[in-house]
Amino acid sequence: MFKKPVDVKTVQRLSGADKKKLRRTAKERFPQASDADLDAILPPKGEITLAKYPNHALVYAIEGEFPMIFNIDARGHDLFPTVYALWKVPHLLPAFTLKGGEVSRYVIGGADLMFPGISIPPEGFPSFGAGQPWAVKVPGNPAPIAVGITTMSSTEALKAGLRGKALRILHYYRDMLWDSADGRYVPNEGFFEDIVVEDPNFVSTSQSPDSAEGTPEVTHESEDAAIDSSDTADPGVHNEAKEEITDGINELKLPEDKSAEQAPDEKEHQTLTTEEIDSLLDKCLLQALYTSIKEKDLPMPGSTLWSNHILPCRPPGVTLDIKKSSHKKLSKWLQSKSSSGLISAKEDKYKKEVILLGINRKHPDYMAFKPEKRVQEPVEQEKAVAESSVTKQLEVAEIYKPSSHVKPIFMAVEADMEKYYSASEASDVVFRYVEKENLVKPTDKAKVILDVTLCDALYKGAIKKGSAYPTEIHKKDLGSTLLNRMQVHHKVTRGTQEVIRKGAIRTIQIMTERRQGNKKMTRLSGLECFLMDPDSLASELQKKFACSTTTAELPGNLSGIRNSF
């Protein structure tokens with residue numbers, strides 16, 4: 001509803017009577033909210049404004065602060081809280097918990113929530129009906145990230161095997177409604193530009209799979225402590241109580257493997273000192289600079305660097321918390337690395353986020369570091385290959401061969417001129433050349449300076465006479481410009497068969513004709529481009545549609561099929 005920018009039609013203050021009516025409607029809509037909760041999102045002494053949108057949405061906001069409530073039908077009955085309201089009162093709505101932070105990319109990208117992306121509690125889903133408002137949370141983070149409306153009831157969801165759409169998302173973090181607030185903010189350090197992860201400051205035991213393990217132990221200790229602090233004149237009562245509690249705990253069926261695996265991790269995390277965390281941060285950064293960050297990815301936001309590159313380089317089972325380091329904040333840590341000369345970074349004044357601009361690969365720390373090689377287990381690798389061979393029966397890929405235009409670039413980095421390259425591989429070649437010749441613009445790391453060789457490879461013969469040649473190019477345009485100067489081919493693979501042809505892939509042509517009254521005929525051509533046998537397909541279509549089929553040679557050595565219905 002708020003994916004695209006929409007201009008507000010009118011904004012007006014609510015009268016005292018309208019504010020009371022809105023409060024009564026909100027109380028009916030959110031029965032679990034207390035008076036204090038309603039005071040937090042609809043302060044009695046504050047001014048409430050009503051904004052009307054062209055899409056019939058109404059947004060109620062605290063004047064000079066944040067939007068708190070909206071509805072989608074312009075009638076004021078189906079109220080929904082904004083994420084700002086939920087950050088003040090998280091329990092205002094029941095919430096679905098995602099299976100992980102990676103799923104949040106799709107939700108805050110505007111996609112609806114599907115049942116396979118939801119983490120199912122051990123006790124199962126609570127009962128809910130269709131058309132009810134629900135929030136969306138990330139495990140380990142108490143602040144909701146989206147608000148939506150259920151598409152089916154819990155009974156219908158169980159009948160459908162927990163498949164399909166669970167929630168139609170109406171509003172989410174970073175949409176236009178969130179962005180419309182002048183003082184927009186994020187509730188904790190788990191919120192990044194393109195992903196939401198667990199909050200380092202929040203310890204959750206209710207949303208993790210092993211939460212059932214911790215609860216009985218805490219209950220046991222509290223019961224035991226209560227007995228010890230009471231009058232112990234009758235030791236028999238004390239012993240009987242302890243035996244009953246012990247027997248009750250032994251009867252619980254707990255996943256022993258997970259608890260055994262997690263205990264060392266928690267212990268290891270607790271024993272990390274500030275110096276060890278600082279050292280681990282530096283090690284993960286160097287590992288990421290070596291293995292996953294490429295020149296074409298720069299400039300890169302600090303949040304993307306942290307979530308997509310730093311965190312995946314952690315040792316297994318280790319939690320990396322920037323707040324427990326000596327730097328306390330991600331921005332200060334990146335700026336310290338920039339001061340040391342390892343990287344080049346600056347703060348974006350508009351986004352208020354540190355941006356990674358460049359990497360000094362000649363820095364002593366970078367040259368002395370030896371990256372770790374993480375190899376998957378052979379059994380899992382063979383299983384993945386077996387599964388991919390079953391599912392991928394037909395593969396069509398566009399590939400490129402170096403032409404005479406780009407030959408100097410490939411020769412400079414000792415790349416094979418006879419090899420076929422994918423789009424990403426060809427882009428890597430030109431970025432290797434840029435790195436070798438140090439062509440990144442010092443004042444703007446997002447642009448590349450064109451030397452004579454690179455300029456001729458990209459533009460010689462393509463610029464009209466009399467026009468000036470460009471002197472620089474943006475990094476995001478460099479790869480596509482190079483591909484336009486290479487020879488386009490396509491590769492088709494079906495089972496053990498593989499063929500490479502020059503030019504772009506030809507599509508299958510389907511045409512229909514009407515003959516002799518109501519009789520229709522469908523023509524298919526271009527099947528051989530996809531290694532399909534026309535005669536075999538004609539036989540299958542004849543059985544499938546109960547029709548007559550014929551094959552014939554068409555101009556250009558292509559076979560066609562005629563189906564008569």
Side-chain angles (χ1 to χ4, degrees), residues 1-2 11 13-14 16 18-51 57-72 76-98 101 104 107-108 113 132-149 167 169-193 196-204 206-207 352:
M1 169 157 282
F2 299 100
V11 179
R13 282 185 178 180
L14 292 185
D18 289 336
K19 286 195 293 185
K20 292 179 180 179
K21 182 179 178 181
L22 175 63
R23 188 181 179 92
R24 288 196 302 268
T25 307
K27 183 64 176 177
E28 295 173 357
R29 182 68 166 172
F30 315 122
Q32 65 274 29
S34 63
D35 292 339
D37 296 336
L38 293 178
D39 290 343
I41 61 176
L42 297 174
K45 296 183 179 180
E47 294 292 341
I48 305 297
T49 61
L50 168 62
L58 303 180
V59 177
Y60 300 90
I62 303 174
E63 189 174 39
E65 295 187 23
F66 306 102
M68 288 293 165
I69 291 177
F70 69 96
N71 73 69
I72 58 177
H77 300 297
D78 294 336
L79 299 181
F80 297 88
T82 65
V83 290
Y84 291 114
L86 290 174
W87 293 346
K88 287 191 173 186
V89 188
H91 59 271
L92 198 59
L93 290 181
F96 291 118
T97 303
L98 302 179
S104 67
V107 176
I108 65 177
L113 180 61
Q132 292 182 349
W134 276 65
V136 181
K137 289 184 178 180
V138 170
N141 198 317
I145 66 171
V147 178
I149 187 170
L167 208 64
I169 301 298
L170 303 176
H171 159 57
Y172 51 90
Y173 158 65
R174 296 199 69 83
D175 69 357
M176 290 301 107
L177 180 56
W178 173 86
D179 192 61
S180 65
D182 293 333
R184 53 187 175 274
Y185 69 99
V186 294
N188 56 58
E189 295 185 359
F191 280 69
F192 295 100
E193 184 175 352
V196 179
V197 296
E198 62 181 7
D199 178 16
N201 302 320
F202 179 74
V203 180
S204 173
S206 61
Q207 296 178 0
K352 295 185 178 180

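Atoms considered below: every heavy atom in the structure, side chains included; atoms not considered: hydrogens, waters and symmetry mates.
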*Asks:* Quick one: list whatever passes ring pair (Phe, Tyr, Trp, His ring centres under 6.0 Å) with F30, sequence neighbours left out.
*Replies:*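 Applying ring pair (Phe, Tyr, Trp, His ring centres under 6.0 Å) to F30 gives none.
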
*Asks:* Got a second to check how far L86's CG is from M68's CE, nearest 0.5 Å?
*Replies:*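 Output value for this atom pair is 10.0 Å.
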
*Asks:* Of all residues at least two apart in sequence or in a different chain, which pass the salt bridge (Lys or Arg N to Asp or Glu O under 4.0 Å) check with R184?
*Replies:*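 Checked R184 against salt bridge (Lys or Arg N to Asp or Glu O under 4.0 Å); matches are D179.
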
*Asks:* Compare every heavy atom of F66 with every heavy atom of A181, then report the nearest pair and how far apart it is.
*Replies:*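 Distance-wise, the nearest heavy atoms are CB-CD2, 3.7 Å.
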
*Asks:* Would you say that Y60 contacts L14 through its side chain, given a criterion of any heavy-atom pair below 4.5 Å between the two side chains?
*Replies:*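 SC-SC contact between Y60 and L14 confirmed.
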
*Asks:* Compare all side-chain heavy atoms of V136 with those of Y172 and state whether any distance is below 4.5 angstrom.
*Replies:*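 Heavy-atom side-chain distance check fails, nothing below 4.5 Å.
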
*Asks:* For P142 and K137, which heavy atoms make the closest approach, and how far apart are they?
*Replies:*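 For P142 and K137, the tightest heavy-atom pair comes out as O-CE, 3.4 Å.
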
*Asks:* Let me see the working for N188 and N141 under side chain to side chain donor-acceptor pair (under 3.5 Å), right down to the final yes or no.
*Replies:* CA-CA 8 Å; N188 56 58; N141 198 317; 2.8 Å; yes

*Asks:* Who pairs with R174 by side chain to side chain contact (heavy atoms under 4.5 Å, CB included), at least two apart in sequence or on another chain?
*Replies:*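 Per chain and number, R174 pairs via side chain to side chain contact (heavy atoms under 4.5 Å, CB included) with W178, E193.
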
*Asks:* Could you walk me through whether F80 and L170 pass side-chain contact (heavy atoms from CB on, under 4.5 Å), step by step?
*Replies:* CA-CA 9 Å; F80 297 88; L170 303 176; 3.6 Å; yes

*Asks:* Might you point out which heavy atoms bring A135 and L167 nearest each other, and give the distance in Å?
*Replies:*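 Taking every non-hydrogen atom into account, O-CD2, 4.5 Å.
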
*Asks:* What is the distance from atom CG of L22 to atom CD1 of I69, rounded to the nearest 0.5 Å?
*Replies:*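 These two atoms lie 5.0 Å from each other.
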
*Asks:* Locate the shortest heavy-atom distance separating H171 from P81; write the atom from each residue and the value.
*Replies:*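 So the minimum-distance heavy-atom pair works out to CD2-O, 4.3 Å.
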
*Asks:* As an exercise, state the distance from CG of L50 to CG of D18, rounded to the nearest 0.5 Å.
*Replies:*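 Interatomic distance, L50 CG to D18 CG, rounded to 0.5 Å: 8.5 Å.
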
*Asks:* Taking only distance into account, with no hydrogens and no angle test, what donor-acceptor pairs under 3.5 Å do side-chain atoms of residues 87-94 form with protein atoms, sequence neighbours excluded?
*Replies:*
| unit_1 | atom_1 | unit_2 | atom_2 | d |
| --- | --- | --- | --- | --- |
| W87 | NE1 | P144 | O | 2.8 |
| H91 | NE2 | D37 | OD2 | 2.8 |

*Asks:* Can you confirm whether T82 sits close enough to V147 that some side-chain heavy atom of one is under 4.5 Å from a side-chain heavy atom of the other?
*Replies:*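 Not in contact.
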
*Asks:* Kindly indicate whether the side chain of V107, heavy atoms from C-beta on, has any atom under 4.5 Å from the side chain of V196.
*Replies:*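 Not in contact.
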
*Asks:* Please enumerate all residues that pass side chain to side chain donor-acceptor pair (under 3.5 Å) together with R13, with sequence neighbours excluded.
*Replies:*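 With sequence neighbours excluded, R13 shows a side chain to side chain donor-acceptor pair (under 3.5 Å) to E63, given in chain and number order.
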
*Asks:* Which heavy-atom pair separates K27 from S34 by the least distance, and what is that distance?
*Replies:*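 The answer is NZ-CA, 4.2 Å.
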
*Asks:* Show the atom names and distances, to 0.1 Å, of all donor-acceptor pairs under 3.5 Å that link a side chain in residues 38-49 to residues at least two apart or in another chain.
*Replies:*
| unit_1 | atom_1 | unit_2 | atom_2 | d |
| --- | --- | --- | --- | --- |
| D39 | OD1 | R23 | NH1 | 3.0 |
| D39 | OD1 | R23 | NH2 | 2.6 |
| T49 | OG1 | A61 | O | 3.4 |

*Asks:* According to the interplanar angle, ranging from 0 to 90°, do the rings of F70 and F2 count as parallel (below 30°), tilted (30 to 60°) or perpendicular (above 60°)?
*Replies:*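 Taking F2 first and then F70, their aromatic rings stand perpendicular (interplane angle over 60°).
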
*Asks:* Side chain to side chain donor-acceptor pair (under 3.5 Å) with Y173: which residues, sequence neighbours excluded?
*Replies:*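 With sequence neighbours excluded, Y173 shows a side chain to side chain donor-acceptor pair (under 3.5 Å) to no residue whatsoever.
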
*Asks:* Calculate, to the nearest 0.5 Å, the distance between atoms NZ and CZ belonging to K19 and R24 respectively.
*Replies:*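 Result: 13.5 Å between the selected atoms.
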
